[in-house]
2 protein chains.
Amino acid sequence: MRLLIVEDEKRLALSLARGLTAEGFAVDVVHDGLEGLHRAAEGAYDLVVLDIMLPGMNGYRVCAALRAAGHDVPILMLTAKDGEYDEAEGLDTGADDYLTKPFSYVVLVARVKALLRRRGTGVGSSVRTLGPLRVDTGARRVLHGETEVPLTTKEFAVLEQLVVRAGEVVSKAEILEHVWDFAYEGDPNIVEVYVSTLRKKLGAELIRTVRGAGYRLEAPR
Amino acid sequence: MRLLIVEDEKRLALSLARGLTAEGFAVDVVHDGLEGLHRAAEGAYDLVVLDIMLPGMNGYRVCAALRAAGHDVPILMLTAKDGEYDEAEGLDTGADDYLTKPFSYVVLVARVKALLRRRGTGVGSSVRTLGPLRVDTGARRVLHGETEVPLTTKEFAVLEQLVVRAGEVVSKAEILEHVWDFAYEGDPNIVEVYVSTLRKKLGAELIRTVRGAGYRLEAPR
DNA sequence: CTTCCACGATGAGCAGGCGCATGGGGGCCA
DNA sequence: TGGCCCCCATGCGCCTGCTCATCGTGGAAG
């Protein structure tokens with residue numbers, strides 16, 4: 001389950017991302033409205049958390065532009081209380097829900113889950129079966145045959161990326177971008193490390209290395 | 001999936017071409033605006049990456065000219081940050097998206113893919129069938145009949161060039177430019193070497209030599 | 001028809017890089 | 001404070017990419 005957070009207050013963005021990641025979501029963060037629009041328009045997210053006051057392009061316009069372009073991704077708007085912006089306006093532009101700052105963290109999580117549930121992309125209901133593997137994205141559980149395989153958060157996130165694009169080659173850069181922060185400037189070796197542990201836990205033949213290109217999760221034919 | 005990069009900074013152009021090639025795109029590079037216009041007008045590209053500051057003819061005019069001539073190829077503009085040129089102007093002339101220098105490489109790739117996806121020319125699902133051969137760009141996979149043929153990155157890139165222009169004669173110089181770098185200064189014999197290994201893996205009759213001109217991938221009739 | 005030459009094909013070999021495994025340190029949570 | 005997870009560093013092995021040398025072959029000229 002992939003979330004995009006568009007929020008320029010770095011501290012807030014960071015804590016939201018942390019919390020939601022801990023909840024088992026794959027979270028990307030951008031700090032600029034226009035950038036947010038572009039990322040969301042790629043269509044790879046299940047939900048967008050969108051602040052209104054943003055540099056580059058404000059949240060209303062981002063939201064309106066997304067809807068105009070035909071994207072129906074659920075949008076949860078974050079509005080400041082100071083009255084300059086109006087909640088109704090947010091809903092008019094096509095947001096699905098809004099939250100007034102300051103809000104409690106549990107409320108946010110609840111709203112996010114509620115929106116996802118409302119969409120039928122049920123939080124607990126996306127189960128993919130790939131050969132001997134069953135991946136339950138909502139419950140963050142993985143079954144290999146009959147036995148459950150315990151995975152850490154990061155391990156699961158990496159696996160989720162591969163599962164979502166099963167059969168395609170996913171580059172290490174893309175995995176880094178999705179699982180870690182897209183602005184992550186670390187050693188791509190991390191990805192190799194996690195792939196390694198995944199193979200150890202799930203069997204070596206599931207994840208194929210495509211040298212010079214990335215990894216590919218074998219889809220059963 | 002064929003891209004044209006119009007960018008006069010040779011170093012930047014080179015690194016972009018490298019990366020995008022590694023992503024599985026067939027990339028051409030030109031360093032001059034007018035030249036870029038001509039190539040793009042030929043209509044053989046799926047997307048154009050267009051710098052604004054260019055010798056010969058600036059990016060706005062190239063873009064405008066293309067649109068005026070009725071071409072709707074997606075255009076991704078590269079703008080310098082110095083403020084002399086305006087982002088809005090770029091979008092006004094008919095560009096589909098823009099990116100402000102300096103940009104990270106992953107962002108560029110994401111935008112390129114997003115644009116292509118938006119156009120419906122699915123990035124991950126371009127499968128071409130040529131007689132007994134099936135080439136899947138997204139999965140970086142080649143099937144010869146029922147069996148999968150493992151190819152290295154370079155082998156795949158050379159094959160892709162030939163596949164994209166199946167039935168046509170492709171010169172060695174062109175293959176060099178596409179698969180290697182524009183300014184590659186090595187032994188042209190490399191191409192022969194790779195054609196040789198491809199023949200070994202895929203069967204000798206698939207790639208015909210046209211003496212003095214290049215190679216031609218036999219298209220099924 | 002023969003001969004010669006230039007272009008192309010192919011195999012061997014080398015160097016560098018990519019991917020993998022492993023161990024250790026640091027931080028967060030119980 | 002202890003344990004687990006995450007990240008980083010290092011070393012190693014194999015594969016890939018490329019060069020070079022040799023052999024094959026097509027085509028034109030005599």
Side-chain angles (χ1 to χ4, degrees), chain A residues 14-15 17-19 21-24 26-27 105 140 142 149-159 162 169-181 183-216, chain B residues 18-19 21-23 140 142 149-162 169-176 178-181 183-216:
Chain A
L14 195 64
S15 79
R18 278 230 182 97
T21 302
E23 289 289 326
V27 179
Y105 174 70
R140 243 194 312 166
V142 175
V149 183
L151 294 184
T152 71
T153 311
K154 280 279 192 280
E155 286 166 3
F156 189 86
V158 172
L159 179 64
L162 291 168
V169 171
V170 186
S171 75
K172 269 180 278 198
E174 287 172 315
I175 296 178
L176 271 180
E177 214 184 305
H178 289 301
V179 176
W180 282 261
D181 237 317
Y184 181 79
E185 304 253 340
D187 200 332
N189 175 256
I190 304 180
V191 178
E192 295 163 16
V193 172
Y194 277 92
V195 168
S196 174
T197 70
L198 278 175
R199 289 210 256 240
K200 232 176 282 176
K201 290 185 175 182
L202 301 172
E205 55 306 331
L206 242 137
I207 304 173
R208 285 260 193 101
T209 302
V210 183
R211 198 166 234 263
Y215 297 96
R216 182 180 62 214
Chain B
R18 275 224 184 104
T21 302
E23 289 289 328
R140 280 262 199 330
V142 175
V149 183
L151 294 184
T152 71
T153 310
K154 280 281 192 288
E155 287 165 3
F156 192 87
V158 171
L159 178 64
E160 194 190 19
Q161 268 309 302
L162 292 168
V169 173
V170 186
S171 76
K172 268 182 282 196
E174 284 172 315
I175 296 178
L176 271 180
H178 285 296
V179 177
W180 282 262
D181 291 311
Y184 180 78
E185 303 205 0
D187 200 335
N189 175 254
I190 297 184
V191 178
E192 295 160 15
V193 171
Y194 277 93
V195 168
S196 173
T197 70
L198 279 176
R199 280 180 177 147
K200 222 179 294 172
K201 290 185 174 181
L202 301 172
E205 53 309 330
L206 241 137
I207 304 173
R208 287 273 182 86
T209 303
V210 182
R211 206 160 227 265
Y215 298 95
R216 182 180 59 219

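Everything numeric in this text was worked out from a predicted model, so none of it was measured. Letters A, B, ... are given to chains in the order of the sequence lines, protein chains preceding strands, and every chain is numbered from 1.
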Phosphate contact (dC5(D) OP1 or OP2) by Thr153(A) side-chain N/O below 4.0 Å: no
Ignoring hydrogens, what is the shortest heavy-atom contact between Arg199(B) and Ile207(B)? Give both atom names and the distance. NH2-O, 2.9 Å
Rounded to whole Å, please give me the gap between CZ in Arg211(A) and C1' in dC20(C). 10 Å
Go through dG11(C), dG17(D), dG8(C) for me and flag the one nearest to the Lys200(B) side chain. dG11(C)
Using whole Å, what does the distance between atom C1' of nucleotide dT22(C) and atom CZ of Arg199(A) come to? 16 Å
Interatomic distance where CD1 belongs to Ile207(B) and P belongs to dT10(C) [whole Å]: 11 Å
Starting at atom CD1 of Ile190(B), determine the distance to atom C1' of dC20(D), rounded to an integer number of angstrom. 12 Å
Looking only at non-hydrogen atoms, find the nearest pair between Pro188(A) and Leu176(A) and report the distance. CA-CD1, 4.0 Å
Distance, rounded to the nearest Å, where Glu192(A) contributes CD and dG13(D) contributes C1': 14 Å
Nearest 0.5 Å, what's the NZ-OH distance between Lys172(B) and Tyr194(B)? 15.5 Å
Tell me whether the side-chain N/O atoms of Tyr215(A) come closer than 4.0 Å to OP1 or OP2 in dC20(C). yes
Any idea which of dA6(C), dA9(D), dA9(C) is nearest the Asn189(A) side chain? dA9(D)
Can you find a side chain N or O atom of Thr209(A) that sits less than 4.0 Å from OP1 or OP2 on dC20(C)? yes
When the distance from OH of Tyr194(B) to C1' of dG11(C) is rounded to whole Å, what number comes out? 15 Å
Below 4.0 Å: OP1/OP2 of dC18(D) and any side-chain N or O of Trp180(B): yes
With a cut-off of less than 4.0 Å, is there a side-chain N or O of Ser196(B) near OP1 or OP2 of dA9(C)? no
Counting side-chain heavy atoms from C-beta on, which of dA6(C), dC7(D), dG17(D) comes nearest to Lys154(B)? dG17(D)
Would you say Val210(A) and Tyr215(A) make side-chain contact, with heavy atoms under 4.5 Å? no
note: Glu155(A), atom CD; dC4(D), atom P; distance rounded to Å ~ 14 Å
Measuring only between side-chain heavy atoms, which start at C-beta, is Val142(B) closer than 4.5 Å to Leu202(B)? yes
Between the base of dC7(D) and the side chain of Asp187(A), is one N or O donor paired with an acceptor at under 3.5 angstrom? no
Select base, sugar-phosphate, or nothing to describe what Val193(B) touches, counting heavy atoms under 4.0 Å on all strands. base
Protein-nucleotide distance (Leu151(A), atom CG; dC5(D), atom P), rounded to Å: 11 Å
